[in-house]
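See structure below.
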Amino acid sequence: MVSVKPSWWTYVKCIVKEYPRLCAELEELRKTSVTISYKEHTRGNGKIFRPVEEAALRTMAPNKQKKYEAVTMAIELTGRRYPLNGKDRLRIIEMVYFGRGYSITKAAMDIPCHMNTASRWQSDFLRLVAELLELP
């Protein structure tokens, strides 16, 4: 029996694949200079220069931030909801989506678990991300 995937399935897969890049982008936004500046600590417009506060307040574009938060929350919830096999579930997602280039079959062999189990774990994760993004 063939299951029909929801219309958002490919979109959510792309979001999960994009997650490592979003993490790197957020890390880059949060970086501050570690060298000391002996110049006056005001800008040309008279505002006081506060690099640490500015780095803490920098954020990504709202839709990128929403995607990042949804996948981050899904990772956290997967670990909490499945204490017995949460780490294996997340390893499947990491191997398949986070740039390792594994297929579900190869990832299942590395865990080890059955391919159907790995496929179910992947679909549970994608459905959780979709639920957090409030997709229909």
Test item: S103 and K106 side chains (from C-beta on) under 4.5 Å apart, heavy atoms
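Counting from C-beta outward, S103 and K106 do come under 4.5 Å.
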Indicate yes or no: at least one non-hydrogen side-chain atom of R81 is less than 4.5 angstrom from one of L128.
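When only atoms from C-beta onward are counted, L128 and R81 do touch, with a gap below 4.5 Å.
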Non-hydrogen atoms of [X] and [Y] that approach each other most closely:
{"X": "I93", "Y": "Q122", "answer": "CD1-CA, 4.0 Å"}
{"X": "M115", "Y": "A108", "answer": "CA-CB, 3.9 Å"}
{"X": "I104", "Y": "I92", "answer": "CD1-CG2, 4.4 Å"}
{"X": "L132", "Y": "A70", "answer": "CD1-O, 3.3 Å"}
{"X": "W9", "Y": "S123", "answer": "CH2-CB, 3.4 Å"}
{"X": "L90", "Y": "G79", "answer": "CD1-N, 4.5 Å"}

Quick check on the 6.0 Å ring-centre criterion: do Y19 and Y68 meet it?
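Under 6.0 Å, so yes.
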What's the verdict on salt bridge (charged side-chain N to carboxylate O under 4.0 Å, His left out) for E94 and R91, showing C-alpha distance, side-chain angles and the deciding distance?
CA-CA 5 Å; E94 180 184 335; R91 280 183 57 209; over 6 Å; no
hydrophobic_cluster_shared for V96 and Y82, side chain cutoff 4.5 Å:
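Hydrophobic grouping puts Y82 apart from V96.
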Are Y97 and M73 linked, directly or through intermediate hydrophobic residues, by side-chain heavy-atom contacts shorter than 4.5 Å (ILVMFWY only)?
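Different hydrophobic clusters.
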Examine distances only and state if a side-chain atom of T78 and a backbone atom of A74 form a donor-acceptor pair shorter than 3.5 Å.
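Looks like yes, one N/O pair under 3.5 Å.
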Between R21 and E25, is the salt bridge (charged side-chain N to carboxylate O under 4.0 Å, His left out) condition met? List the steps.
CA-CA 6 Å; R21 191 176 56 76; E25 186 177 327; 3.7 Å; yes
Should E69 and Q65 be marked as a side-chain contact (heavy atoms from CB on, under 4.5 Å) after you check the CA-CA gap, both sets of side-chain angles, and the distance that decides it?
CA-CA 6 Å; E69 289 171 358; Q65 186 73 28; 3.0 Å; yes
Stepwise side-chain contact (heavy atoms from CB on, under 4.5 Å) test for I75 and F125
CA-CA 8 Å; I75 290 170; F125 187 82; 3.9 Å; yes
